[in-house]
Enquirer: 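I'd like to ask some things about the structure below.
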Amino acid sequence: MNLLTIFLTFIKIGAMCFGGAYAAIPIVEREVVYVNQWMSITEFSDLVAIDEITPGPIIINSASFVGMRLAGIPGAIAASLGCIVVPAITTIILIYVYRKYRDIKVINEAIYTLKCMTVALIMSTCLSILLNSFFPGKVISLENTDFLILAMGIAAFVIIRKYKPNPLFVMLAGGLFNLIIRGFLKL
């Protein structure tokens, strides 16, 4: 794999990522799964799951993982650097502009609009991953539903909302539970 292609793809991703890591996931998904076809949607869903349990920013973890898969350590470095160049420069400029003009109504309205767009991006990715997880055959039907994963997802949601534990422990417990049920008990 050409390192320049990896670097430029992640520069493009970094330049389009507004709203933080979760808002960036649909952009990474589009480029990696649909545009360049470097991964399947299932592999990408696995990538997001791995990103959640690894320390560090999700976008950097994603870039490193994809780059490593494509071209080893040089690919991981190219993807990671590509993904942070534009955001770093943009952040420095925006901090300066915001500090200087933060009391202007248009600036506050623009920030509010960006927040709304971020929520839409996050919801888009959530829906994509949810459908891929609960309906593995990509057809939404009762016979194609993974009821164990659906029940575990609902239970994890309730546990996190009600008891507020560290999500890492909930994810690890869910993985262990799934391993026991499917791996050892063969259910």
Side-chain angles (χ1 to χ4, degrees), residues 13-14 16-34 39-66 80 83-84 87 90-91 94-95 98 102 107-187:
I13 290 169
M16 295 186 300
C17 292
F18 291 91
Y22 291 108
I25 291 173
I27 297 166
V28 176
E29 175 188 9
R30 182 180 166 277
E31 289 296 317
V32 170
V33 175
Y34 302 108
M39 293 181 151
S40 69
I41 187 63
T42 302
E43 291 170 316
F44 185 77
S45 295
D46 293 345
L47 164 74
V48 172
I50 291 167
D51 284 346
E52 284 294 321
I53 62 170
T54 359
I58 289 173
I59 187 71
I60 301 296
N61 292 347
S62 296
S64 299
F65 184 83
V66 171
S80 298
C83 141
I84 64 172
T90 305
T91 299
L94 287 176
I95 287 171
Y98 181 73
R102 69 176 151 225
I107 298 292
N108 290 318
E109 289 173 1
I111 290 171
Y112 178 75
T113 301
L114 287 173
K115 286 184 211 176
C116 294
M117 291 169 55
T118 300
V119 169
L121 287 171
I122 293 169
M123 293 302 292
S124 168
T125 298
C126 287
L127 183 59
S128 177
I129 292 171
L130 179 120
L131 292 174
N132 186 54
S133 297
F134 296 154
F135 306 101
K138 296 183 180 40
V139 176
I140 300 173
S141 65
L142 280 177
E143 57 270 356
N144 196 36
T145 303
D146 189 333
F147 287 104
L148 177 63
I149 296 297
L150 181 62
M152 288 172 51
I154 292 168
F157 178 79
V158 170
I159 290 167
I160 289 171
R161 296 295 296 171
K162 185 171 183 175
Y163 301 108
K164 312 232 183 305
N166 184 330
L168 173 63
F169 296 127
V170 176
M171 291 177 69
L172 291 173
L176 182 62
F177 180 75
N178 191 41
L179 179 66
I180 291 168
I181 296 295
R182 294 220 167 113
F184 298 125
L185 300 179
K186 306 276 191 231
L187 297 177

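Quantities reported herein were computed from a predicted structural model and do not represent experimental measurements.
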Enquirer: Just verifying a value: how many Å separate Thr145 OG1 and Phe135 CZ, rounded to the nearest 0.5 Å?
Expert: 4.5 Å
Enquirer: Which atom pair, heavy atoms only, marks the closest approach of Ser128 to Ile41?
Expert: OG-CD1, 3.9 Å
Enquirer: Under the salt bridge (Lys or Arg N to Asp or Glu O under 4.0 Å) rule, collect the residues that match up with Glu109, sequence neighbours excluded.
Expert: Lys105
Enquirer: Are Val48 and Val28 close enough that some pair of their side-chain heavy atoms sits under 4.5 Å apart?
Expert: no
Enquirer: Going by the rule side-chain contact (heavy atoms from CB on, under 4.5 Å), which residues pair with Ile60 if we only count those two or more places apart in sequence or in a different chain?
Expert: Pro57, Ser64, Ser80, Cys83, Ile84
Enquirer: Give every residue pair that meets the salt bridge (charged side-chain N to carboxylate O under 4.0 Å, His left out) criterion with at least one member in residues 23-32, sequence neighbours excluded.
Expert: Lys12-Glu31
Enquirer: Would Ser62 and Ile25 count as a side chain to side chain contact (heavy atoms under 4.5 Å, CB included) if you check the C-alpha gap in whole Å, the side-chain angles of each, and the deciding distance to 0.1 Å?
Expert: CA-CA 9 Å; Ser62 296; Ile25 291 173; 5.5 Å; no
Enquirer: Quick one: side-chain hydrogen bond (donor to acceptor under 3.5 Å, both in side chains) pairs with a partner in residues 168-178, sequence neighbours left out?
Expert: Asn178-Arg182
Enquirer: Restricting to side chain to side chain donor-acceptor pair (under 3.5 Å), what partner residues turn up for Asn132, sequence neighbours left out?
Expert: Ser45
Enquirer: Which distance, rounded to the nearest 0.5 Å, do you find between the CE of Met117 and the OG1 of Thr113?
Expert: 8.0 Å
Enquirer: Residues in side-chain contact (heavy atoms from CB on, under 4.5 Å) with Ser141, at least two apart?
Expert: Val139, Glu143, Asn144
Enquirer: Minimum heavy-atom separation for Leu142 and Phe147, please, with both atom names.
Expert: O-CE1, 3.6 Å
Enquirer: Identify, with sequence neighbours excluded, every residue that meets side-chain contact (heavy atoms from CB on, under 4.5 Å) alongside Thr91.
Expert: Ile95
Enquirer: Rounded at 0.5 Å granularity, tell me how far CD1 in Ile27 sits from SG in Cys17.
Expert: 4.0 Å
Enquirer: Working to the nearest 0.5 Å, report the span between CG of Leu131 and SG of Cys126.
Expert: 11.0 Å
Enquirer: For Asn61, enumerate each residue passing the side-chain contact (heavy atoms from CB on, under 4.5 Å) test, keeping only those at least two apart in sequence or located in another chain.
Expert: Asp51, Thr54
Enquirer: At their closest point, which heavy atom of Phe134 faces which heavy atom of Ile149, and how far apart are they?
Expert: CE2-O, 3.4 Å
Enquirer: One pair to check against side chain to side chain contact (heavy atoms under 4.5 Å, CB included): Lys115 and Ile111. What are the steps and the verdict?
Expert: CA-CA 6 Å; Lys115 286 184 211 176; Ile111 290 171; 3.9 Å; yes
Enquirer: Who are the salt bridge (Lys or Arg N to Asp or Glu O under 4.0 Å) partners of Glu52, not counting sequence neighbours?
Expert: none
Enquirer: Identify each donor-acceptor pair in which a side-chain atom of residues 151-171 lies under 3.5 Å from a protein atom, sequence neighbours left out, and give them as a table.
Expert:
| unit_1 | atom_1 | unit_2 | atom_2 | d |
| --- | --- | --- | --- | --- |
| Lys164 | NZ | Arg161 | O | 2.8 |
| Asn166 | OD1 | Leu168 | N | 2.9 |

